[in-house]
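A short worksheet on the structure shown next.
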Amino acid sequence: MNARVLVLTGAGVSAESGIPTFRGKDGYWRNLNPAKLATPEAFAKDPRLVWEWYRERRQRIRNAQPNPAHKAIAKLAQHAQEFLLVTQNVDDLHARAGSSKEKMVQIHGDIFVTRCSRCDFAGTGRGGSPEPPAPHAIYPNSGRLGSIAPTSAQPDQEQNIPKCSKCSALMRPGVVWFGEQLPWDELRRVENYLEARPCDFVLVAGTTATFGYIIDWALRASASDGELVEVNPEGTPLSQFATQRVREPGAVALPRIVDELVISRSSKL
């Protein structure tokens with residue numbers, strides 16, 4: 001398929017595999033708002049509570065399976081001449097559906113990575129060897145990075161919390177929390193792809209497009225007469241710019257859209 005493709009996905013895609021979003025009553029955990037748990041301040045105040053939540057999230061993700069939306073995106077990657085998937089999801093469902101790490105950016109981090117809250121030490125929750133995390137950089141609408149080394153946690157709160165083997169500080173999940181900056185290396189990968197040349201097809205699925213950089217990337221990628229397709233049950237701030245709006249869940253719409261795109265683009269060769 002002779003096409004350059006950018007795909008942007010959000011929590012709605014994984015929600016169809018049973019992974020709760022942060023928004024709505026189904027996203028709450030023990031009557032707590034996840035948006036107030038996923039912060040440096042919450043970790044500094046009660047790291048044990050935050051870790052309990054993330055351990056439950058990890059287990060829920062391990063028990064989940066990729067849905068037809070994940071599989072359709074992996075299929076599109078195999079057929080496109082050039083392809084990049086940028087996902088806001090911290091789970092591994094895209095990877096398990098067949099999307100390669102080389103063609104995927106997890107812009108909000110990886111929930112299965114565990115990194116130090118103070119130094120540069122990191123490892124994976126999958127049993128892999130430690131590796132250094134990406135440095136961070138300021139990016140519009142991404143917030144500011146605060147101090148994340150816990151200072152107020154009591155000794156009893158630190159039970160069952162991993163500690164850094166290098167500096168003994170508490171380890172934390174390798175995700176981007178509210179108020180933190182996006183990882184510079186991953187940002188650079190997105191920018192390099194966008195700067196190379198315009199895209200023929202941009203697909204945005206399962207995201208409320210709350211963050212300004214999602215809209216910015218979608219519009220820049222489709223700026224030169226590229227198609228911009230939004231797949232989301234409800235309208236978003238991006239909707240007004242889309243050339244096609246599909247008001248269906250991704251698991252329903254994406255297999256059909258990808259099949260039609262592959263057939264139509266291939267027939268033009």
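All values below come from the heavy atoms of this structure, side chains included, with hydrogens, waters and symmetry mates left out. Numbers here simply count residues along the sequence, with the first being 1.
Counting all heavy atoms, side chain and backbone alike, Leu238 lies closest to Ala209 at CB-CB, 4.1 Å. Residues Cys167 and Arg118 come closest through the heavy atom pair O-NH1, 3.9 Å. When all heavy atoms of Ile73 and Val7 are compared, the closest pair comes out as CD1-CG1, 4.1 Å. Heavy-atom minimum distance, Pro40 versus Glu180: CG-OE2, 3.6 Å. When every heavy atom of His94 is checked against every heavy atom of Thr9, the shortest pair comes out as NE2-OG1, 3.1 Å. Scanning both residues, Lys163 and Ser168, for their nearest heavy atoms gives CD-O, 3.9 Å.
Between Cys199 and Val202 there is a side-chain heavy-atom pair separated by less than 4.5 Å. Two residues are said to be in side-chain contact when any heavy atoms from C-beta on lie closer than 4.5 Å; Met104 and Phe83 fail this criterion. In this structure the side chain of Ile215 reaches within 4.5 angstrom of the side chain of Pro237, judged on heavy atoms. Using a 4.5 Å heavy-atom cutoff, the side chains of Tyr54 and Leu37 are not in contact.
To the nearest 0.5 Å, atom CG of residue Asp110 and atom CZ of residue Arg115 are 12.0 Å apart. Going from atom CG of Leu228 over to atom CG of Leu219 covers 6.5 Å, rounded to the nearest 0.5 Å. Annotation: the span from Leu8 atom CG to Ile214 atom CD1 amounts to 5.5 Å, rounded to 0.5 Å. With rounding to the nearest 0.5 angstrom, the OG1 atom of Thr243 is 10.5 Å from the CG atom of Asp225. Atom CD1 of Ile111 sits about 9.5 Å away from atom OG1 of Thr114, to the nearest 0.5 Å. Here the CZ-CG distance, from Phe201 to Leu6, works out to 10.5 Å after rounding to the nearest 0.5 Å.
Listed for the Asn232 side chain is a donor-acceptor partner under 3.5 Å among the backbone atoms of Glu234. Formation of a donor-acceptor pair under 3.5 Å by the Arg172 side chain with backbone atoms of Trp51 is not found in this model. Put simply, the side chain of Asp200 never gets that close to the backbone of Gly226: no donor and acceptor are under 3.5 Å apart. Side-chain atoms of Asp46 come within 3.5 Å of backbone atoms of Leu49 as a donor-acceptor pair (strictly under, hydrogens ignored). Although no hydrogens or angles enter the test, the distance criterion places no donor-acceptor pair under 3.5 Å between the side chain of Ser14 and the main chain of Ala11. Remark: side-chain polar atoms of Asn67 are not paired, donor with acceptor, to backbone N or O of Ala251 under 3.5 angstrom. Judged by distance alone, the side chain of Ser17 and the main-chain N or O of Gln65 form a donor-acceptor pair under 3.5 Å.
Under the 3.5 Å distance criterion, with hydrogens and angles disregarded, a donor-acceptor pair is assigned to the side chains of Gln88 and Thr207. Between the side chains of Thr208 and Thr236, no donor N or O sits under 3.5 Å from an acceptor N or O.
A cation-pi geometry, defined here as NZ or CZ lying under 6.0 Å from the six-membered ring centre and within 45° of its normal, does not hold between Arg58 and Trp53.
Hydrophobic clustering, with ILVMFWY side chains joined whenever heavy atoms are under 4.5 angstrom apart, keeps Leu261 apart from Val252. Val13 and Ile107 are members of different hydrophobic clusters when ILVMFWY side chains are connected at heavy-atom separations under 4.5 Å. Hydrophobic clustering of Ile, Leu, Val, Met, Phe, Trp and Tyr side chains at less than 4.5 Å, counting indirect connections, unites Leu85 with Val262.
With sequence neighbours excluded, the residues satisfying side chain to side chain contact (heavy atoms under 4.5 Å, CB included) with Arg197 are Arg4, Gln81, Glu82. Applying the side-chain hydrogen bond (donor to acceptor under 3.5 Å, both in side chains) rule to Asn192 yields the partners Arg188; only residues at least two apart in sequence or on another chain are considered. With sequence neighbours left out, the ring-ring contact (aromatic ring centres under 6.0 Å, His included) criterion links His108 to Phe211. The side chain to side chain contact (heavy atoms under 4.5 Å, CB included) check on Ala74 picks up Ser99, with sequence neighbours excluded. Not counting sequence neighbours, Tyr193 has no partner by the side-chain hydrogen bond (donor to acceptor under 3.5 Å, both in side chains) test. Remark: Ala97 engages Pro66, His70, Lys71 in a side chain to side chain contact (heavy atoms under 4.5 Å, CB included) (not counting sequence neighbours). Remark: Lys166 engages Cys119, Asp120, Phe121, Cys164 in a side chain to side chain contact (heavy atoms under 4.5 Å, CB included) (not counting sequence neighbours). Take Arg256 and apply the salt bridge (charged side-chain N to carboxylate O under 4.0 Å, His left out) test, not counting sequence neighbours, and it matches Glu248. Ser239 pairs by the side-chain hydrogen bond (donor to acceptor under 3.5 Å, both in side chains) definition with Glu230, Arg247, not counting sequence neighbours. Judged as a side-chain hydrogen bond (donor to acceptor under 3.5 Å, both in side chains), and not counting sequence neighbours, the contacts of Lys75 are Asp259.
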Please report the C-alpha distance between Gln106 and Val86 in whole Å, then the side-chain angles of each, then the deciding distance to 0.1 Å, and finally whether the side chain to side chain contact (heavy atoms under 4.5 Å, CB included) criterion is met.
CA-CA 6 Å; Gln106 285 186 280; Val86 181; over 6 Å; no
Checking Val204 against Val229 for the side chain to side chain contact (heavy atoms under 4.5 Å, CB included) test, could you report, in this order, the C-alpha distance in whole Å, the side-chain angles of both residues, the deciding distance, and whether it holds?
CA-CA 6 Å; Val204 184; Val229 178; over 6 Å; no
Show your working on side chain to side chain contact (heavy atoms under 4.5 Å, CB included) between Val190 and Glu186 and close with a plain yes or no.
CA-CA 7 Å; Val190 178; Glu186 300 302 273; 5.8 Å; no
Kindly determine whether Glu41 and Trp177 satisfy side chain to side chain contact (heavy atoms under 4.5 Å, CB included), including the steps that lead there.
CA-CA 10 Å; Glu41 294 76 18; Trp177 281 332; over 6 Å; no
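Under a 4.0 Å N-O distance rule, the pair Arg189/Glu102 does not qualify as a salt bridge. Ion pair Arg55/Glu52 not flagged as a salt bridge, since none of the NZ, NE, NH1 or NH2 atoms sits closer than 4.0 Å to an Asp/Glu carboxylate oxygen.
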